[in-house]
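The structure under discussion appears below in the form of structure tokens.
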Amino acid sequence: MQTMKPTRVLLYARVSRSAEESTSVSRQLTEGRDHAASRWPGVPVLEFSDDGVSGAIEPASRPAFGRLMSQWQPGDVVLAWKLDRLARSTLRFLELAQVATEAGVAIATVRDGIDLSTAEGRLLAHLLAVFAEFEREQVRSRVSATRRQLQKTGRWTGGRIPYGLTVAPHPDGTGKVLVRDAVAAEIIREVARRIVAGEGITAIARDLQDRGVPSPRVHTSVRPNPKPAAWSSSAIRDVLGHPSIVGHAMDPLTGRLRRDGAAPDIMWEPVLTETERARVVAALPAQTGKAAPAGKHWLYAVVTCGTCGRNMHASSGYRSTSPMFKCLGTGKDRHDVVTVRIVDAEEHVQGAVLKALGGAQHGTREWVGGTDSTADRERLTAFMTELMDDRRAGLYSTPEGTADFRRRYAEAEADLKALESTPAVESGWRYVPSGEYLDDAWARWSPEERGTWLRDSGVRFAISRPVVKRARVPLADRCSVDWGHLEPIVEGMEAVAADVD
């Protein structure tokens, strides 16, 4: 069916990983230009590209597509290489199609032959979107099955290594496993002793940093020369809340403890017992929202120095009218100045957060105290065994003694049955989703609320100096991100995007 000639063609390209030659941005743009020139000769073409942006992110939250939407006008046509470049889910595509229709904008693709200005095109687009989402779910299922099979054989499948463990070759010679890290285990015990003794976790973190003890982020990194990261109160809370310090393993696919029957698996020698950890956690001060101090920028304690790990401070800049974040170190630990324009830092942080987490729900962390009756059950069982031994040895032989034996044994047996019927509750931090996608919340939040959420989540952006002095290097090339408590969510979304795209 012949359609009206559009006013402009808004050519859009997207790829999750820059190294993908088969779906590279340049290839998508080249085919898009050829298609536009053949189908709508003489119509001006405007190009927009999101390089390294996951399709799981809402279209309006992507940097380039967001600009495209702000510039489209009635009579325009949005041209993409394939439907999945625009949206990965049926719901997101239908939402985008509805918004475009209301704006008087058509949507077309090169490879799929879609044209939403026709009834046939709209039907085909809906069908293709459904199949694209089905394919993504199939890929996710295959990836999950493969990882689960590796985990069943005790293999380490990648991801952040919990502090207190380290990677070692598998005893069978194939793959790697996680084993107890004696050095980190001793640091954990030290921290636990000091907290129970009443010392503040901020002071403990500062002391560990001053002593040169590598932070969890640095100590567990499998990469050579990891970016600097400092000890913090949130890092200590994360370490103490992780189930691995009591010997348990978390299933990354289900988010629950791995079990063999009713009881959690004991995968490693515990650093602390459940009782010891509960005593330490009870001694921790309650957490509150970490608002920036008065007069500080909303990214304070989020943007840190990649040289020394300290917080970068806002200033009026040097030989520049642009406000800057900068760090020179402090005292005897002075170093060459590290700077970044505040406007660049704000744009980079927002882009990175929405790229990594825009398609996920934001939430809060809650500590759930565990209840484990193993010790009580063992105590009661031993007591009942002692009663039986005493009776066989001739005690409780009188009528009064027999009545006393029966009473005490029946009471112990009833208590044991009650404990056995009470399920154990796993202790640890729980991430509770809010039901709202982060990209929606981010748009609603004020800058101060964004900063508080980032600090509460333990997110840090470390800015380093360019390798070549005074060289103009993209901020993304000299900035590393520590996602803090959100690391498992980021890794999950990256794994899905990598296997699908």
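- In this structure, the side chain of E274 does not engage the main chain of V246 through any donor-acceptor pair within 3.5 Å.
- Ion pairing of E186 with R189 is present here, as a side-chain N (NZ or NE/NH1/NH2) and a carboxylate O approach within less than 4.0 Å.
- Between I463 and F325 the shortest side-chain heavy-atom distance does not fall below 4.5 Å.
- The backbone N or O of W442 lies less than 3.5 Å from a partner atom in the side chain of R450, making a donor-acceptor pair.
- Not a single donor-acceptor pair under 3.5 Å links the side chain of W483 to the backbone N or O of E491.
- Taking 4.5 Å as the limit, every side-chain heavy atom of V280 sits out of range of all side-chain heavy atoms of V191.
- Counted by atom type alone, S232 and S234 present one or more donor-acceptor pairs between their side chains at under 3.5 Å.
- Electrostatic pairing of R211 and D207 counts as a salt bridge here, judged by a charged N lying under 4.0 Å from a carboxylate O.
- In summary, the side chains of E346 and W298 do present a donor paired with an acceptor at a separation below 3.5 Å, with no hydrogens or angles considered.
- The shortest distance between side-chain heavy atoms of L86 and F65 falls below 4.5 Å.
- Distance alone, capped at 3.5 Å, places no donor-acceptor pair between the R455 side chain and the V302 backbone.
- Remark: the backbone N or O of G164 is paired with a side-chain donor or acceptor of R180 at under 3.5 angstrom.
- Side chains of V340 and H348 form no contact here, defined as non-hydrogen atoms less than 4.5 Å apart.
- Proximity of a side-chain donor or acceptor of K355 to a complementary backbone N or O of G52 within less than 3.5 Å is detected.
- For H242 and Y163, the ring centers are positioned 6.0 Å apart or more.
- D50 contributes a side-chain N or O that, together with a main-chain N or O of A64, makes up a donor-acceptor pair within less than 3.5 Å.
- Counting only distance, with no hydrogens or angles, the side chain of S221 and the backbone of R217 share no donor-acceptor pair below 3.5 Å.
- Counting only distance, with no hydrogens or angles, the side chain of W231 and the backbone of V213 share a donor-acceptor pair below 3.5 Å.
- Side-chain atoms of S16 and R14 include a donor-acceptor pair closer than 3.5 Å.
- Between the side chain of S457 and the backbone N or O of L454, no donor-acceptor pair lies under 3.5 Å.
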